[in-house]
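Remarks on the structure that follows.
For the numbers below, each heavy atom of this structure counts, side chains included, while hydrogens, waters and symmetry mates do not. All of these numbers come straight from a predicted model, not from anything done at the bench. Every chain is numbered from 1, with letters handed out A, B, ... down the list of sequences.
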Amino acid sequence: MAQDKDDLIQDLSARGLVQQMTAEDEFKQHLGEGMKVVYCGFDPTADSLHIGSLVPLLALKRFQEHGHKPIALVGGATGLIGDPSFKAAERQLNSTDVVEGWVESLKSQVSQFIDFDCGENSAVVANNLDWTQGVDVLSFLRDVGKHFSVNQMIQKESVKQRIDREGSGISFTEFTYMILQSYDFAELNKRYDCTIQIGGSDQWGNITGGTELTRKMNRNQVFGLTLPLVTKADGTKFGKTESGTIWLDPKKTSPYAFYQFWLNTADADVYKFLRYFTFLDEQEIVAIEEKDKEAHGRPAAQGILAKEVTKLVHGEEGLAAAERITEAMFSGTLADLGEDDLEQLAQDGLPSSEVPQDLSEKPLTSLLAECGMVKAGREVKDALGRNAVLVNGVTKGAEDNMKTSEIFTKENALFDRFFLVKLGRRKNHLFTLPR
RNA sequence: GGUGGGGUUCCCGAGUGGUCAAAGGGAUCAGACUGUAAAUCUGACGCGCGAGCUUCGGUGGUUCAAAUCCACCCCCCACCA
């Protein structure tokens, strides 16, 4: 892994991680002058970050590995307002208590990625509520607002669709977001001598607002860099699956589901994602790609991607758990699983639940819908009709729908209490009989 | 406050008295083909195993019958004040 301070931008560029930057030549020179302080903001819009935040989060880590000091800013203040950038519609405000709770969750989550104990360039976590809370309206308007031209603000691409497009609009609240974020940069510059802000490409308008404000208020030159938006070759949205958003919180998305998400990456995206989401260097990635090209059949890249990213986010243990389940569900056979293995699967994050006491009148459709395997019983009905439902390896058909009480018996169970239900190729659920 | 345009099932978007659980597209799910890809084809796609039940911003009303007509209300947008 490269440790030279000079080639950070080169590394980022090679990975395709540089979308835009301010004053390129001066920025590069600035980075070459020694340790710099870099910040990236994360707004609390939920109780966990999702993989959309992974690129900037890892970018902070990349800066730190190159000797710079990262600040992870959690938007306790900006989260109360809502960023309008490239959003089609006005957002619902969240209550202050709720946002406060989310701030705490994000703080600890963000902290996993950067090092707080490495000397001079140890990371810092900040909350912009700390310096926004006390500011009164008049001071804010006179000291900060005066530096912004509404004429310029409405020209920003990020809010343009809200202003131009018929059928939408933007409240003054959200319109002010940019000013708040700009103020953060100026404030961090003052407090921590922070001179760089990074963010997703949708943040360009907010970032340049900050560099300008810092110049005007503090008379300091600061820099901004944006990272590309993660897109998929097939045009669908990155980070969403049938079961919803892929969260970083293992309680919301198990390491197993997380691992599976990456394993299912399309060929067309996988090498790009290796560059975006792992710390493997360019040569290694090229080598993987070459090897996959020569070999026929399934590429190795998805497996490497899933392994690396799961390890980064959930650690060695999370990865081991994910691999255990994957192995059991997709490669091994049921007979290979011992009683301990089955018990372990549930703990590792394989979805599981107890078989209800009273199965009479409860069709398979309801049972599988209630445990969250499918959204509606119809999907089960469809799958049954196609012989795509397996209980402990035995195919069930439409005629078995009403026979749950005959299926889930102690005699049919593995080790007297386990049922591994498979629906389709990828959905697995472990049922246990109550002891 | 005035004028005009809107609010349809996850999203976009047809539908203006019965033939409407509501066209079409997207997303999603399952099957075939495969590599737990992609593309393609097939089926499903409000809820329910089923009989059936509940929807078209809200509330009332007209009618044998309303997403469609009427009244009032709520919300969004544009322009004007």
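Comparing Ala388(A) and Thr265(A) against RNA chain B, the residue whose closest nucleotide sits nearer the 5' end is Ala388(A). Remark on RNA chain B: of its neighbouring residues Leu263(A) and Ala383(A), the 5'-side contact belongs to Ala383(A), judged by nearest-heavy-atom nucleotide.
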Pair Ser201(A)-Gln20(A), side-chain hydrogen bond (donor to acceptor under 3.5 Å, both in side chains): steps then yes or no: CA-CA 8 Å; Ser201(A) 59; Gln20(A) 271 178 299; over 6 Å; no
Chi angles and distances behind the side chain to side chain contact (heavy atoms under 4.5 Å, CB included) call for Phe431(A), Ser352(A): CA-CA 6 Å; Phe431(A) 280 96; Ser352(A) 61; over 6 Å; no
Test side chain to side chain contact (heavy atoms under 4.5 Å, CB included) applied to Tyr271(A) and Asp292(A), step by step: CA-CA 11 Å; Tyr271(A) 305 102; Asp292(A) 281 342; 2.7 Å; yes
Report, one pair per line, the protein and nucleotides 79-81 of chain B atoms (nitrogen or oxygen only) whose separation is under 3.5 Å.
none

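When rounded to the nearest whole Å, the span between CG of Leu305(A) and C1' of U36(B) equals 15 Å. Note: CD1 (Ile170(A)) to C1' (C77(B)) measures 14 Å, nearest angstrom. Per the geometry, CD belonging to Glu289(A) stands 20 Å off P belonging to A37(B), to the nearest Å. Atom-to-atom, NZ of Lys362(A) to P of G50(B) comes out at 15 Å; the value is rounded to the nearest Å.
Pairing for G46(B) goes to C53(B), judged as Watson-Crick or G-U wobble with the two contacts each under 3.5 Å. Pairing for U3(B) goes to A78(B), judged as Watson-Crick or G-U wobble with the two contacts each under 3.5 Å.
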Sugar-phosphate or base contact per nucleotide [nucleotides 42-49 of chain B; S, B, -; heavy atom under 4.0 Å]: -B-S-BBB
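One cannot find a donor-acceptor pair under 3.5 Å joining the base of G31(B) and the side-chain atoms of Asn387(A). Within 3.5 Å, no donor on the side chain of Gln302(A) pairs with an acceptor on the base of U36(B), nor the reverse.
Here the separation of U36(B) from U16(B), taken at their C1' atoms, is 48 Å to the nearest Å.
Using bins of under 30°, 30° to 60° and over 60° for the plane-to-plane angle, the ring pair Phe238(A)/Phe277(A) lands in the parallel bin.
A salt bridge links Glu379(A) to Lys427(A): one of the charged nitrogens lies within less than 4.0 Å of a carboxylate oxygen. Salt bridge Arg417(A)/Glu343(A): present, at least one basic N to carboxylate O contact under 4.0 Å.
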